[in-house]
Amino acid sequence: EKFLLIGVRFVREEQQLSLNRNQLKYLVIVAMVIDHIAAAFLSNDSAITVIMRMIGRLTAPTMAFFIVEGYFHTKNKKKYALRLFIFSLISWLPYSYFEYGKATFHFSVIFTLFLGLMIVWLLDSKINSGYKIFGIVLILFFSFLADWMIFVPLWCISFLALERNKKAIGYGLYLATAILYSYLVIKSSPAWTGIWAIGVFFVFPMLKLFYHGESGSKKAFHKWFFYAFYPVHLLLLLGVKCVIDL
């Protein structure tokens with residue numbers, strides 16, 4: 001009876017921890033806002049900045065995971081890709097001014113997610129393997145024009161491999177990409193401050209702990225909120241920054 005009670009308590013705790021797709025997306029966009037606040041307003045070498053930016057590393061890999069899920073669940077792949085592309089253009093100037101203080105030819109992570117979707121679509125197609133390799137190389141080349149560069153597309157490939165139950169490839173590629181990302185950030189950062197990059201290693205534990213495949217509400221509000229929030233929150237942070245700098 002004691003073991004039965006422990007089992008019931010464990011199941012209840014698991015149910016309490018479970019988040020659906022929408023809830024997890026809201027969680028990681030809050031993590032993104034925390035990261036952007038630190039990047040915009042706090043000193044790079046403070047401990048709180050490192051913690052806040054580490055939290056922010058959860059967002060892009062998790063969104064790469066949902067790109068793969070979205071690919072297999074969407075009713076219209078063309079419209080899905082078009083929405084991502086349009087909002088990558090909408091986010092271009094807000095991202096450029098937030099990140100660089102001027103218009104640039106560098107795009108936001110939404111464009112990188114769009115490229116990740118293109119890679120997933122390409123790999124899932126039945127075209128010749130040679131064309132697939134050429135397409136992947138071309139897409140990865142264009143990813144250098146955007147935030148998170150090759151990392152998000154490579155994580156999309158890793159999540160696609162896991163979707164196809166190729167666990168060795170999926171976990172191996174994710175970890176290799178995470179190691180490369182962390183190494184490059186830490187190497188290019190002064191002293192210990194780049195250690196926030198290791199936040200990408202907490203994505204799998206978070207998904208394992210909180211996400212069990214439930215979609216949540218399918219109301220249109222959620223879909224459009226996730227697209228519109230990115231450029232809107234950057235504009236709001238830019239506005240606050242301008243007021244502070246007056």
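Just so it is clear, the model here is predicted, and its values are computed rather than measured.
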Could you state the interatomic distance from OG1 (Thr59) to NE2 (His36), rounded to the nearest 0.5 Å? 7.5 Å
Would you say the side-chain atoms of Thr49 and Ser46 include a donor-acceptor pair closer than 3.5 Å? yes
Side-chain heavy-atom pair Asp245, Cys242 within 4.5 angstrom cut-off: no
Measuring only between side-chain heavy atoms, which start at C-beta, is Leu115 closer than 4.5 Å to Val152? no
Should the heavy atoms of other residues, nucleotides or ligands under 6.0 Å from CZ of Phe134 be counted, would the total exceed 12? no
Taking all non-hydrogen atoms of both residues into account, name the closest pair between Ala161 and Ile169 and its distance. CB-CG2, 3.9 Å
Geometric class of the Phe226/Tyr26 ring pair [parallel <30°, tilted 30-60°, perpendicular >60°]: tilted
Within the side chain of His73, is there an N or O that forms a donor-acceptor pair under 3.5 Å with the backbone of Gly70? no
When clusters are formed from ILVMFWY side-chain contacts under 4.5 Å, directly or step by step, what else is grouped with Val232? Leu236
Pair Arg21 + Glu69, salt bridge at N-O below 4.0 Å: yes
4.5 Å side-chain heavy-atom contact, His106 and Trp92: no
Can you check whether Phe204 reaches Tyr171 side chain to side chain, under 4.5 Å on heavy atoms? yes
Which heavy atom of Pro153 sits nearest a heavy atom of Thr112, and at what distance? CD-CG2, 3.6 Å
Around atom OH of Tyr183, are there more than 12 heavy atoms from other residues, nucleotides or ligands closer than 6.0 Å? no
What closest approach, in Å, do Pro61 and Val200 show between heavy atoms, and which atom pair accounts for it? CG-CG1, 4.1 Å
Take atom CZ in Phe72; do more than 12 heavy atoms of anything else shown fall under 6.0 Å from it? yes
Do the side chains of Tyr211 and Leu19 get nearer than 4.5 Å, heavy atoms only? no
Determine whether a donor-acceptor pair (N or O, by modelled atom type, separation under 3.5 Å) exists between the side chain of Ser189 and the backbone of Val185. yes
Report yes or no: does Arg164 contribute a side-chain atom to a donor-acceptor pair with the main-chain N or O of Leu160 at less than 3.5 Å? no
Determine whether Phe114 and Phe107 satisfy the following criterion, ring pair (Phe, Tyr, Trp, His ring centres under 6.0 Å), listing intermediate values before the conclusion. CA-CA 11 Å; Phe114 164 75; Phe107 294 87; over 10 Å; no
Are Leu123 and Ile136 close enough, and set up right, to give a side-chain contact (heavy atoms from CB on, under 4.5 Å), and what steps lead you there? CA-CA 9 Å; Leu123 288 172; Ile136 291 171; 3.5 Å; yes
Flag yes if Ile48 and Ile198 sit in one hydrophobic cluster, no otherwise; membership is Ile, Leu, Val, Met, Phe, Trp, Tyr, and two members link when side-chain heavy atoms are under 4.5 Å apart. yes
Decide, yes or no, whether a salt bridge links Lys132 with Asp124 under the criterion of side-chain N to carboxylate O below 4.0 Å. no
So if you build clusters from Ile, Leu, Val, Met, Phe, Trp, Tyr with side-chain heavy-atom gaps below 4.5 Å, do Leu24 and Phe221 land together? yes
Other residues, nucleotides and ligands only: do more than 12 of their heavy atoms fall within 6.0 Å of CD1 on Ile195? no
List in chain and number order the residues that pass ring pair (Phe, Tyr, Trp, His ring centres under 6.0 Å) with Tyr80, two or more places apart in sequence or in another chain; answer none if no residue qualifies. none
With Tyr174 as reference, evaluate Phe151, Phe65, Tyr181, Phe159 under the ring pair (Phe, Tyr, Trp, His ring centres under 6.0 Å) test and give the passing residue. Phe159
Cation-aromatic face contact Lys77/Tyr71, 6.0 Å, 45 degrees: yes
With a 4.5 Å heavy-atom cut-off, do Lys223 and Arg83 have their side chains touching? yes
Donor-acceptor pair, distance only, cut-off 3.5 Å: does the side chain of Asn20 make one with the backbone of Glu214? no
Does a donor on one side chain and an acceptor on the other come within less than 3.5 Å for Ser96 and Thr104? yes
How about Leu84 and Ile67: do any of their side-chain heavy atoms sit closer than 4.5 Å? yes
Would you say Phe229 and Lys25 make side-chain contact, with heavy atoms under 4.5 Å? no
Parallel, tilted or perpendicular: which describes the rings of Trp224 and Phe87, with under 30° parallel and over 60° perpendicular? tilted
